[in-house]
Q: 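One structure, pasted below without further comment.
In this text, all values refer to a predicted model and were calculated from it rather than measured experimentally. Only this structure's heavy atoms are used, side chains among them; waters, hydrogens and symmetry mates stay out. Along the sequence shown, the residues carry numbers beginning at 1. Order of listing sets the numbers, starting from 1, for every ligand and every atom in it.
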Amino acid sequence: MKQPNRKRKLSMDSKEHLNQDGCLEQAEEEKKPRDGATPLSHVPSVAAQEAWSWEQYLTEQKAIAAPVELFSKDQSFPEHENGFQVGMRLEGIDPRHPSVFCVLSVAEVCGYRLRLHFDGYLSCYDFWTNAGSPDIHPVGWCEKTKHELHIPKGYRKDKFVWMDYLKACKLQNAPKKLFRNRSSNGPMPKEFQVGMKLEAVDRKNPSLVCVATIADIVEDRLLVHFDNWDDSYDYWCDVNSPYVQPVGWCQENGRTLIAPQGYPDPENFSWTEYLEATQTNAVPAKVFKMRPPHGFLPSMRLEAVDRRNPRLIRVATVIDVDEQRLKVHFDGWDHKYDYWMDADSPDIHPIGWCDITGHPLEIPYRANDVKILPGQAVCPTPGCRGIGHIRGPRYSGHHSAFGCPYSDMNLKKEATLHDRLREQTQANLESDSSHSRSKNLCSLNFNGKHEKVNSQPRLVQQAKCLKIKGKEDIDLDNLFRANGTVRPSSCPRKSLLWPPLPR
Ligand SMILES: [Zn+2]
């Protein structure tokens, strides 16, 4: 970054654009916050926050910082300022459905980070990302690269024209120059092609290696899709990722390969037969080059986004590592809040990142630093300053365990959100080809085969579906992920038929 902006700033003017973009639901929703509209005053710990420095803290703790060299380009200090402004429109990946590109708007800018909003949807689905994220693209990118653009709710796909949308709603597109140019990473080797097969780690259950397909390629990254599973397990990675391996890797390394869901004889899966049946090819083994191990070690300090409250970045310690991941502990917090993160997650940063990029850093909690004023409504969770809400950015703060992302009652249900697209899928099947395909395939799949499928240890799809009903419709994917248990499939209605369509 050429001119580090050391002034800490937090843009909270997110309501402005909400009123602009013609989404009545959002505007109304923002007007009636129920639980703790105002976050707990930050005043008690401002003094402590101001006086705090990494240098002093590391000396006090006799701790070391994770060396900058361990961080990737996406994690390390940015080379450019964050030029995005609230209200700007762009295109980008839905983190919960990595194969889906959406119309997004910048809802909030904080340091080098952005809160992005799905146009036409409630703000509870907003998510945070880095300004240099490879997941975001300028307006028109989908058309240029022949990707399907998931348009704002309420618009007809055949009638949506970006420029008309911007003009009609008096909106501004985010200028191209604000997006990070990733060409320096070099192009994707030509041997990797969409539709080719490989073996890939299920990032939600990293002990599992599964039959997978390259579903998409953008710049230097590929989209991994697990055969016969819905797209919520998909992920983007670069070709050197330890998560992707050539066909036959499991056999060579004595690992169990998980066959596609519904494969007739999963115990005796044969790549040769499968490639022939699906008329697909494997990515040639020789083009895989694994990057060196990540190098993070227990006790190293860093700055990490708190996924329970993703607007916050906290002082954190690596307390455990495995091949592809590190376990982070937030300093001063109970160990029950620890969790595993991918070593290449864009949500970890070297120390000093917040300061350089102008993002607030949540310093380690010390009970003595917090002084509560008489009569002040305070969140009862130790360490919690009342910022954020279990229901996402819809509410900026809370003052009770009900809204607290860290309270015991909420700890097991980190994401209480319904799937943004699931409801739409029901309503808009006719107009959305990708999702109608899932449905058609599903309806064909209900022939009893899934009983056999359920005998596999990873497939606990019935458990999930039995639990999903009415108001208790919580995101079990996240719940299971947080608890480190095996992956539940989505509801059988989203599972695909056998044999699969080649992708
Ligand atoms: Zn709280």
Side-chain angles (χ1 to χ4, degrees), residues 8 10-12 14 29-30 32-50 52 107-108 110-111 113 115 122-128 303-317 319 327-339 341 347 354 359-417 471-472 474-475 478-479 481-483:
R8 291 180 176 169
L10 179 58
S11 163
M12 301 290 273
S14 58
E29 149 198 57
E30 296 283 329
K32 45 175 184 182
R34 285 188 292 262
D35 178 22
T38 325
L40 176 65
S41 164
H42 298 190
V43 176
S45 53
V46 162
Q49 193 113 21
E50 287 296 313
W52 193 91
E108 195 172 333
C110 184
R113 302 178 74 216
R115 174 158 67 87
L122 298 175
S123 59
C124 57
Y125 301 112
D126 292 4
F127 62 97
W128 286 88
E303 299 181 0
V305 172
D306 183 349
R307 75 170 178 214
R308 294 192 176 85
N309 207 349
R311 74 161 49 245
L312 302 180
I313 298 185
R314 296 187 184 280
V315 167
T317 304
I319 56 159
K327 192 176 189 183
V328 291
H329 167 72
F330 295 111
D331 289 28
W333 287 72
D334 193 287
H335 278 286
K336 68 182 173 188
Y337 300 111
D338 300 352
Y339 55 78
M341 295 176 85
D347 286 343
C354 279
H359 193 288
L361 176 67
E362 297 296 309
I363 61 169
Y365 166 64
R366 291 174 193 177
N368 295 344
D369 293 340
V370 181
K371 293 186 188 69
I372 296 156
L373 306 170
Q376 190 177 19
V378 180
C379 172
T381 309
C384 180
R385 297 201 289 136
I387 299 172
H389 198 283
I390 186 68
R391 303 197 64 180
R394 185 172 175 178
Y395 309 110
S396 56
H398 64 274
H399 49 64
S400 72
F402 294 102
C404 182
Y406 308 98
S407 63
D408 283 340
M409 63 185 294
N410 288 333
L411 210 51
K412 292 272 156 56
K413 46 172 182 179
E414 284 168 50
T416 53
L417 298 178
K471 286 182 182 169
E472 290 164 26
I474 60 172
D475 183 348
N478 272 333
L479 176 57
R481 200 181 327 155
N483 293 339

Q: Protein N, O or S atoms less than 2.8 Å from the Zn ion (ligand 1), ignoring waters?
A: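 Near the Zn ion (ligand 1), below 2.8 Å, one finds Cys379 SG, Cys384 SG, His398 NE2, Cys404 SG.
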Q: With Arg308 as the cation and Tyr337 as the aromatic partner, state whether NZ or CZ is under 6.0 Å from the six-membered ring centre and within 45° of the axis.
A: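 No, a cation-pi geometry is absent between Arg308 and Tyr337.
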Q: On the 0 to 90° scale, with breaks at 30° and 60°, tag the His389-His398 ring pair as parallel, tilted or perpendicular.
A: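 Because their plane-to-plane angle is over 60°, the rings of His389 and His398 count as perpendicular.
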Q: Strictly distance-based, threshold 3.5 Å: is any side-chain N or O of Asp347 a donor or acceptor partner for the main-chain N or O of Asp306?
A: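 It does not hold such a pair.
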Q: Once salt bridge (Lys or Arg N to Asp or Glu O under 4.0 Å) is applied, do any residues pair with Glu303, and if so which ones, sequence neighbours excluded?
A: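 Applying salt bridge (Lys or Arg N to Asp or Glu O under 4.0 Å) to Glu303 gives none.
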Q: Is there a side-chain contact between Pro310 and Phe127, using heavy atoms and a 4.5 Å cut-off?
A: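 Of all side-chain heavy-atom pairs linking Phe127 with Pro310, none is under 4.5 Å.
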Q: Any carboxylate oxygen within less than 4.0 angstrom of a Lys/Arg side-chain nitrogen, looking at Asp338 and Lys327?
A: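 No.
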